[in-house]
A.B. asks: 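This is the structure I have questions about; it appears just below.
Numbers here simply count residues along the sequence, with the first being 1. Atoms considered below: every heavy atom in the structure, side chains included; atoms not considered: hydrogens, waters and symmetry mates.
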Amino acid sequence: MHPGTIQLEGDATSGRAYVSEFGRFRDGRLHSNYAVYHDRYQRTPDGWKFAERVYEVRYLDTTPLAGSAPRATEAPTENESSANGRR
């Protein structure tokens, strides 16, 4: 989530929140997207509540990425660590 905006209008308010998502599904598919939540809030005796939330995808990319993620059990060798500036 990225900072968005809220416009106060008495007991009914609207706002936006910006989202950037990146993921790999269990079946191997990938996606990257940028989206906006368009929100309406309502003041209640228990505080502010969502009255409506609309999710609008502004950009979607399902292009496969090159390479693969490193395996969590593989640690770099001493030579690889030194070559990358890590000690």
Side-chain angles (χ1 to χ4, degrees):
M1 295 290 284
H2 301 281
T5 63
I6 295 177
Q7 293 183 331
L8 295 174
E9 302 162 3
D11 290 337
T13 299
S14 62
R16 286 183 303 218
Y18 303 95
V19 182
S20 172
E21 298 178 306
F22 172 79
R24 180 183 300 246
F25 294 100
R26 290 183 183 185
D27 66 4
R29 290 180 299 132
L30 302 167
H31 91 229
S32 174
N33 76 306
Y34 298 96
V36 180
Y37 281 113
H38 300 277
D39 298 328
R40 286 190 312 110
Y41 316 103
Q42 182 68 44
R43 187 191 317 250
T44 72
D46 295 325
W48 289 96
K49 304 288 181 182
F50 281 96
E52 179 182 48
R53 174 163 259 199
V54 176
Y55 183 72
E56 177 191 8
V57 175
R58 301 298 303 258
Y59 172 82
L60 175 63
D61 186 354
T62 58
T63 305
L65 296 176
S68 61
R71 296 175 60 103
T73 58
E74 292 180 3
T77 66
E78 182 63 33
N79 289 340
E80 290 173 330
S81 296
S82 296
N84 291 328
R86 297 183 300 236
R87 296 192 186 259

A.B. asks: Ring pair (Phe, Tyr, Trp, His ring centres under 6.0 Å) with Phe22: which residues, sequence neighbours excluded?
C.D. replies: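 Ring pair (Phe, Tyr, Trp, His ring centres under 6.0 Å) check on Phe22 returns nothing, list empty.
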A.B. asks: With sequence neighbours excluded, tell me which residues meet side chain to side chain contact (heavy atoms under 4.5 Å, CB included) with Thr5.
C.D. replies: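 Partners of Thr5 by the side chain to side chain contact (heavy atoms under 4.5 Å, CB included) criterion, ordered by chain and then number, come out as Arg16.
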A.B. asks: Could you work out, with salt bridge (Lys or Arg N to Asp or Glu O under 4.0 Å) as the rule, every residue matching Glu9, not counting sequence neighbours?
C.D. replies: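 Partners of Glu9 by the salt bridge (Lys or Arg N to Asp or Glu O under 4.0 Å) criterion come out as none, since no residue qualifies.
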A.B. asks: What salt bridge (charged side-chain N to carboxylate O under 4.0 Å, His left out) pairs are there with at least one residue in residues 31-43, not counting sequence neighbours?
C.D. replies: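 Qualifying pairs: Asp11-Arg43, Asp39-Arg53, Arg40-Glu52.
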A.B. asks: Treat each ILVMFWY residue as a node, draw an edge where side-chain heavy atoms are under 4.5 Å apart, and state whether Tyr37 and Val57 are in one component.
C.D. replies: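 The answer is yes; both residues are in one hydrophobic cluster.
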A.B. asks: Taking side chain to side chain contact (heavy atoms under 4.5 Å, CB included) as the test, write out the residues that go with Thr13, two or more places apart.
C.D. replies: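 Listed in chain order: Ile6, Leu8, Tyr41, Trp48.
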A.B. asks: May I have the list of side-chain donor-acceptor pairs in residues 58-67 shorter than 3.5 Å, sequence neighbours left out?
C.D. replies:
{"from": "Tyr59", "atom 1": "OH", "to": "Asp61", "atom 2": "OD2", "distance (Å)": "3.2"}
{"from": "Asp61", "atom 1": "OD1", "to": "Thr63", "atom 2": "N", "distance (Å)": "2.8"}
{"from": "Asp61", "atom 1": "OD1", "to": "Thr63", "atom 2": "OG1", "distance (Å)": "2.6"}

